[in-house]
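To start, the structure itself, in structure tokens.
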Amino acid sequence: MSDQFDPELFQTKLYLSPEKDQLFETGPWPKPFVFNEDVVRVFDDMISRSVPLYREVLACAAHWARDYYQPGTRIIDIGCSTGTFLELLGRFLKQPATLVGIDNSQPMLEKARQKLERIQQIHQVELICETAENCSFENSSVVVINYTLQFLPLQVRQKLLRSIYEGLNPGGLLFLSEKVKSACPQFQETINRHYEAFKAHNGYAKTEIERKKEALENVLVPLTEAQQISMLQESGFSHIDSPIKLHNFISLVALK
Ligand SMILES: C[S@@+](CC[C@H](N)C(=O)[O-])C[C@H]1O[C@@H](n2cnc3c(N)ncnc32)[C@H](O)[C@@H]1O
Ligand SMILES: O=C(O)C(=O)C[C@]1(C(=O)O)C=C[C@@H](O)C=C1
């Protein structure tokens, strides 16, 4: 295990495509929300302007991944999208490793393939186009699943977490980020306002925010932090902590 904190990593720029997300302003926007080709085209801009502390979360996940990586095992990113996390991790990990990205969207993985070209000179990179529920997590010491579990049907989430737990080696780590809801309706209302102010600050107009909210209804179904933690416990994880939380987004770490 490494105990080094790398301040540079928090200053390092993410590798993001520049196409601006104007889908919910100009259309055509997906309703209900799906990861179609239009979304993939602007995805990097969309997620980095829509998720609070996106860069910090990825940098934090890279630190945890480096600390819990067991040589000879796999590091798996579920819902890897355009490969932004794996690209960052690949630059940050000094020793060669096997980095696996899983996503069920082929257009996302095509973008990831281009993005990961350079780090492939150092690491073994595997991109798997498959739904996470059908994948094996055997011989992994780190599994990252950021902003993806929230899109799966509720009954599938528990099954997937169980299968991640079973695949991880003893001492392995799950790093999970999700949109969450508050157990308190009043706080939820306040947090929503703060979150929408965050989006407005990042250049989204009120209409864009409203349209996307409607499109995500019943597609992205958030749980409370307590529900999320109890799901992890039921899946077998022993120690759980939360390195980051802002507005309605949380990152959790869970140890096997
Ligand atoms: C919000 S994005 C994840 C963002 C990414 N982890 C990041 O930090 O940049 C969700 C991703 O999960 C993928 N996805 C959705 N359902 C999936 C499933 N059942 N199995 C695998 N990938 C899935 C989508 O194609 C999409 O790329
Ligand atoms: O824009 C929102 O409301 C979000 O919840 C952001 C969010 C996510 O959390 O996955 C939603 C859809 C896109 O995939 C990118 C980010």
Side-chain angles (χ1 to χ4, degrees), residues 14-17 21 23-24 29-62 65 76-89 100-112 115 127-135 137 143-157 159-161 163-164 175-181 191-192 194-196 198-200 202-204 208-217 219-223 244 246-251:
L14 298 178
Y15 181 154
L16 300 173
S17 306
D21 169 25
L23 290 189
F24 291 87
W29 66 83
K31 192 181 173 195
F33 187 86
V34 281
F35 293 98
N36 63 18
E37 301 236 1
D38 295 322
V39 171
V40 171
R41 189 174 46 80
V42 300
F43 182 75
D44 284 1
D45 182 62
M46 172 185 281
I47 191 152
S48 53
R49 287 200 291 140
S50 303
V51 169
L53 300 178
Y54 180 65
R55 186 167 62 85
E56 286 76 5
V57 167
L58 267 50
C60 182
I76 303 176
D77 184 12
I78 304 175
C80 66
S81 298
T82 63
T84 306
F85 170 68
L86 290 178
E87 195 280 331
L88 178 72
L89 180 65
V100 180
I102 296 172
D103 205 290
N104 63 0
S105 155
Q106 189 60 48
M108 284 287 194
L109 291 183
E110 272 158 33
K111 285 211 141 189
K115 195 177 277 192
L127 295 176
I128 301 172
C129 189
E130 185 55 273
T131 55
E133 308 86 278
N134 295 341
C135 293
F137 305 101
V143 174
V144 174
I145 178 166
N146 285 339
Y147 318 109
T148 298
L149 200 65
Q150 58 194 18
F151 289 103
L152 271 53
L154 285 175
Q155 68 284 6
V156 177
R157 297 185 197 183
K159 244 184 94 203
L160 177 59
L161 290 177
S163 138
I164 295 169
F175 190 101
L176 164 72
S177 301
E178 288 274 277
K179 193 176 201 176
V180 287
K181 63 178 184 189
I191 290 168
N192 278 346
H194 293 171
Y195 178 52
E196 285 171 20
F198 159 82
K199 278 191 155 182
N202 281 344
Y204 285 116
E208 291 179 274
I209 296 172
E210 265 320 298
R211 285 170 181 165
K212 189 170 182 205
K213 201 198 306 184
E214 282 173 19
L216 283 170
E217 228 162 85
V219 176
L220 191 173
V221 180
L223 301 177
I244 299 187
L246 182 59
H247 305 312
N248 42 348
F249 288 81
I250 192 166
S251 296

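Indexing begins at 1, ligand by ligand and atom by atom, following the structure's order. Remember, predicted model here, so these are calculated numbers, not experimental data.
Distances between N or O atoms of Y54 and those of ligand 1 include at least one value under 3.5 Å. Considering backbone and side-chain N/O of T131, none are found under 3.5 Å from N/O of ligand 1. Where the criterion is an N or O separation shorter than 3.5 Å, residue side chain and backbone included, N104 meets it with respect to ligand 1. Remark: ligand 1 and N146 share an N or O pair separated by less than 3.5 Å (distance only, no angle test). Between L58 and ligand 1, a contact under 3.5 Å exists for no N or O pair. Here's the thing with Q150: none of its N/O atoms is less than 3.5 angstrom from an N/O atom of ligand 1.
Proximity to S105 (heavy-atom distance under 4.0 Å) selects the following atoms of ligand 1: 25 (O). Interface of F43 with ligand 1, defined as ligand atoms under 4.0 Å from a residue heavy atom, comprises 1 (C), 2 (S), 4 (C). Against a heavy-atom cut-off of under 4.0 Å, L152 is close to the following atoms of ligand 1: 16 (N), 19 (N).
The closest non-hydrogen atom to atom 13 (C) of ligand 1, taken over D103, L86, V156, V39, comes from D103.
Between K111 and D103, no side-chain nitrogen of the basic residue sits less than 4.0 Å from a carboxylate oxygen of the acidic one, so the salt-bridge criterion is not met. Using a 4.0 Å cut-off between charged nitrogen and carboxylate oxygen, K213 and E210 count as a salt-bridge pair.
Closest approach of I191 to H247, counting heavy atoms only: CG2-C, 3.6 Å. Closest approach of S50 and K212 over heavy atoms only: OG-NZ, 3.6 Å.
Every residue two or more places apart in sequence or in another chain that forms a salt bridge (charged side-chain N to carboxylate O under 4.0 Å, His left out) with K31 is listed here: E214.
Between E133 and L152 there is a side-chain heavy-atom pair separated by less than 4.5 Å. Under the 4.5 Å side-chain criterion, counting only non-hydrogen atoms from C-beta, Y204 is in contact with R49. Inter-residue side-chain proximity for I47 and T82 is flagged as unmet; no heavy-atom pair is nearer than 4.5 Å. Looking only at side-chain heavy atoms (C-beta outward), N146 and L58 come within less than 4.5 Å of each other. H194 places none of its side-chain heavy atoms less than 4.5 Å from the side chain of F198. Residues P30 and V39 are in side-chain contact: their nearest non-hydrogen atoms beyond the backbone lie under 4.5 Å apart.
One distance of note links CD of Q150 with CG of L176; it measures 9.0 Å at 0.5 Å rounding. The NZ atom of K179 sits 8.0 Å away from the CZ atom of F151 when rounded to the nearest 0.5 Å.
At a heavy-atom distance under 4.0 Å, no atom of F85 approaches ligand 1. Contact annotation for E130 and ligand 1: only backbone heavy atoms (N, CA, C, O) come within less than 4.0 Å of the ligand. Residue T82 does not touch ligand 1, judged by heavy-atom distances below 4.0 Å.
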| Derivation of the ring pair (Phe, Tyr, Trp, His ring centres under 6.0 Å) call for Y54 and F249 | CA-CA 10 Å; Y54 180 65; F249 288 81; over 10 Å; no

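In terms of protein heavy-atom proximity, atom 20 (N) of ligand 1 is nearest to A132 N, 2.9 Å. Ranking the protein heavy atoms by distance from atom 2 (S) of ligand 1 puts S81 OG, 3.3 Å first. Protein heavy atom in closest approach to atom 1 (C) of ligand 1: Y147 O, 3.1 Å. Nearest protein neighbour of atom 5 (C) of ligand 1, counting heavy atoms only, is G79 O, 3.2 Å. Nearest to atom 19 (N) of ligand 1 among the protein's heavy atoms is E133 OE1, 3.0 Å.
In this structure, I47 has a heavy atom closer than 4.0 Å to ligand 1.
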Could you pull out every N or O of ligand 2 that sits under 3.5 Å from a protein N or O, with the distance for each pair?
from, atom 1, to, atom 2, distance (Å)
ligand 2, 1 (O), Y195, OH, 3.4
ligand 2, 1 (O), K199, NZ, 2.6
ligand 2, 1 (O), K212, NZ, 2.7
ligand 2, 3 (O), K179, NZ, 2.9
ligand 2, 3 (O), Y195, OH, 3.4
ligand 2, 3 (O), K199, NZ, 3.2
ligand 2, 5 (O), K179, NZ, 2.8
ligand 2, 9 (O), Q150, NE2, 3.1
ligand 2, 10 (O), Q150, NE2, 2.9

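Taking the six-membered ring where the residue is Trp, F33 and F24 present parallel rings, their angle staying beneath 30° rather than reaching 60°.
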